[in-house]
Amino acid sequence: MAAVSTRPVGEPGNLTAAGLLVPATIFVAIGLMVPIAILFRYSLNAFVPGQLMVDALTVANYVKFFTDPFYLQVLWRTVRVAVACTVFCLLFGFPLAYVLARTQSRYKNLLVMAIILPLFVGNAVRAAGWMVAFGSKGFVNSTLMSMGLISQPLEIMYTELAVVIGIIAVNLPFMVLTLQSVIEGIDRNVEEAAFSLGASPLTMARRVLFPLALPGILAGVILTFILAMNAYATPVLLGGPKFQTMGPLVFSTFAQQNNWPFGGAVSFILMTATLILTIASSLLIRRRYA
């Protein structure tokens, strides 16, 4: 019979285990919280043209953002694109993850590698590939025109549609891999039991599979939404200079306008909006399947 450990909490073994967490905790605190605190402090400074920043305690940068229709439109566009990309990643990724998790093929490892392989290519390189495909003389327009389906090239580049497609292509592997790991842990007998009780495939998925896969759905939704909210290369290359989202706006404010206080405010607003919407979506999904 296995011996049961009765080691008190204060014993050296437990202290050693707790001590192993200290370096990681300190690293996270320094690498995450300290820059955020500095960024928030910068956002309260004043900006004078020709100077990096002037020490102050003012909310003028936040007032400027929320009272200017241009910046509000950029924020709304970013949220709209992120939500659309997350929804489509879930719709496209769940069936693929289910097939990948349930397949018994000896080529399963190759299928997993096919999902992972795009992650080896940088976002800028993939966006450049979409630029070749979406151009006026690119693959899509050339194919459609050769088939006689259109008489003149479609305007796909530098549109919201091009940005959404590009971000979905970047984020979809994360959704699939997250869902696959969770679906593999769901007992197949639970699905068979639902079918034996007369449930249709759609009913089984809605009443059995989705609630059991909720942890993976939440993780995938949160991951893809955060990545979409903070996307930079794809909106810049596929959206063009007139299609502004929060990521490129942060870069242009810091690097091009050299306005560090306002750039700090935009960054903090982006981070806060991402956090609030992530928590709200998590609560909504949990309540839906409670």
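Model, not experiment: these values are computed from the prediction. If you read the sequence from its start, that first residue is 1, and numbering goes on from there.
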* To do: Kindly work out whether a path of hydrophobic side-chain contacts (I/L/V/M/F/W/Y, heavy atoms less than 4.5 Å apart) joins Ile168 to Ile165.
  => yes
* Residues in ring pair (Phe, Tyr, Trp, His ring centres under 6.0 Å) contact with Phe94, at least two apart in sequence or another chain -> Phe210
* Asked: When hydrophobic residues are tied together by side-chain contacts of less than 4.5 Å, even through go-betweens, does Ile38 share a cluster with Leu44?
  -> yes
* Within a strict 4.5 Å, meaning less than it, do heavy atoms of the Val112 and Gln180 side chains meet? -> yes
* Structure fact -> Looking only at heavy atoms, the pair that brings Phe243 and Val163 closest together is CE2-CG2, 3.7 Å
* To do: May I have all residue pairs that pass side-chain hydrogen bond (donor to acceptor under 3.5 Å, both in side chains) and include part of residues 135-148, sequence neighbours excluded?
  => none
* Under 6.0 Å between the ring centres of Phe47 and Trp260? -> no
* To do: Kindly give the cluster partners of Val170, where membership spreads through any ILVMFWY side chain lying under 4.5 Å from a current member.
  => none
* **Same apolar cluster (I L V M F W Y, side chains within < 4.5 Å links), Ile150/Met157** => yes
* To do: Kindly write out the residues that satisfy ring pair (Phe, Tyr, Trp, His ring centres under 6.0 Å) with Phe92, not counting sequence neighbours, or none if the list is empty.
  => Phe88
* Asked: At what distance, to the nearest 0.5 angstrom, does CG of Leu218 lie from OG1 of Thr178?
  -> 11.5 Å
* Value rounded to 0.5 Å, distance of CD1 in Ile183 from CG in Leu209 -> 5.5 Å
* Residues two or more places apart in sequence or in another chain: which of them pass side-chain hydrogen bond (donor to acceptor under 3.5 Å, both in side chains) with Asn45? -> Arg41
* Measure from the side-chain N and O atoms of Ser43 to the backbone N and O of Phe40, and report whether any donor-acceptor pair falls under 3.5 Å. => yes
* Contact check, side chains of Thr203 and Ser200, non-hydrogen atoms, under 4.5 Å -> yes
* For residues 63-79, pull every pair meeting side-chain hydrogen bond (donor to acceptor under 3.5 Å, both in side chains), keeping only residues two or more places apart or in separate chains. => none
* To do: Report whether Leu161 and Leu154 are members of the same hydrophobic cluster (ILVMFWY, side-chain heavy atoms less than 4.5 Å apart, transitive linking).
  => yes
* Asked: Between Leu90 and Leu179, does a side chain to side chain contact (heavy atoms under 4.5 Å, CB included) hold up when you go through it step by step?
  -> CA-CA 9 Å; Leu90 181 60; Leu179 291 173; 4.2 Å; yes
* To do: For atom CD of Gln257, decide whether the heavy atoms of other residues, nucleotides or ligands shown that lie under 6.0 angstrom number more than 12.
  => yes
* **N/O donor-acceptor pair under 3.5 Å between Asp187 side chain and Val190 backbone** => no
* Asked: Are Leu110 and Ile116 connected in a single hydrophobic cluster, I mean Ile/Leu/Val/Met/Phe/Trp/Tyr linked by side-chain heavy atoms less than 4.5 Å apart?
  -> no
* May I ask you to test the Phe134-Phe139 pair for a side-chain heavy-atom distance under 4.5 Å? => no
* Structure fact -> By salt bridge (Lys or Arg N to Asp or Glu O under 4.0 Å), Glu160 pairs with (sequence neighbours left out) Arg80
* Structure fact -> The reported gap from CD1 in Ile217 to OG in Ser281 (rounded to nearest 0.5 angstrom) is 12.0 Å
* Structure fact -> Applied to residues 115-133, the side-chain hydrogen bond (donor to acceptor under 3.5 Å, both in side chains) test, sequence neighbours excluded, yields Asn123-Arg126
* **Ala213 versus Val182, closest heavy-atom pair with distance** => CA-CG1, 3.9 Å
* Roughly how far, to the nearest 0.5 Å, is CD1 of Ile186 from CG of Leu212? -> 5.0 Å
* Can you list the residues that meet the side-chain contact (heavy atoms from CB on, under 4.5 Å) rule with Ile36, with sequence neighbours excluded? -> Leu32, Phe268, Met271
* Asked: Going from SG on Cys89 to CG on Leu172, what distance comes out if it is rounded to the nearest 0.5 angstrom?
  -> 5.0 Å
* Closest heavy-atom contact between Ala194 and Val208? -> CB-CG2, 4.0 Å
Only pairs under 3.5 Å count here: list side-chain donor-acceptor contacts from residues 220-242, not counting sequence neighbours, and write none if there are none.
| unit_1 | atom_1 | unit_2 | atom_2 | d |
| --- | --- | --- | --- | --- |
| Thr224 | OG1 | Gly220 | O | 2.7 |
| Thr224 | OG1 | Val221 | O | 3.3 |
| Asn230 | ND2 | Ile226 | O | 2.8 |

* Between Leu270 and Leu249, is any pair of side-chain heavy atoms under 4.5 Å apart? -> no
* Asked: Applying side-chain hydrogen bond (donor to acceptor under 3.5 Å, both in side chains), which residue pairs with at least one partner in residues 86-114 are found, sequence neighbours left out?
  -> Tyr98-Glu191, Arg102-Glu191, Lys108-Glu184
* Check whether any side-chain heavy atom of Met145 sits under 4.5 Å from a side-chain heavy atom of Pro153, and report yes or no. => yes
* **Heavy-atom closest pair, residues Gly93 and Val176** => CA-CG2, 3.8 Å
* How would you list, by chain and number, every residue that makes a side-chain contact (heavy atoms from CB on, under 4.5 Å) with Gln256, sequence neighbours excluded? -> Phe251, Ser252
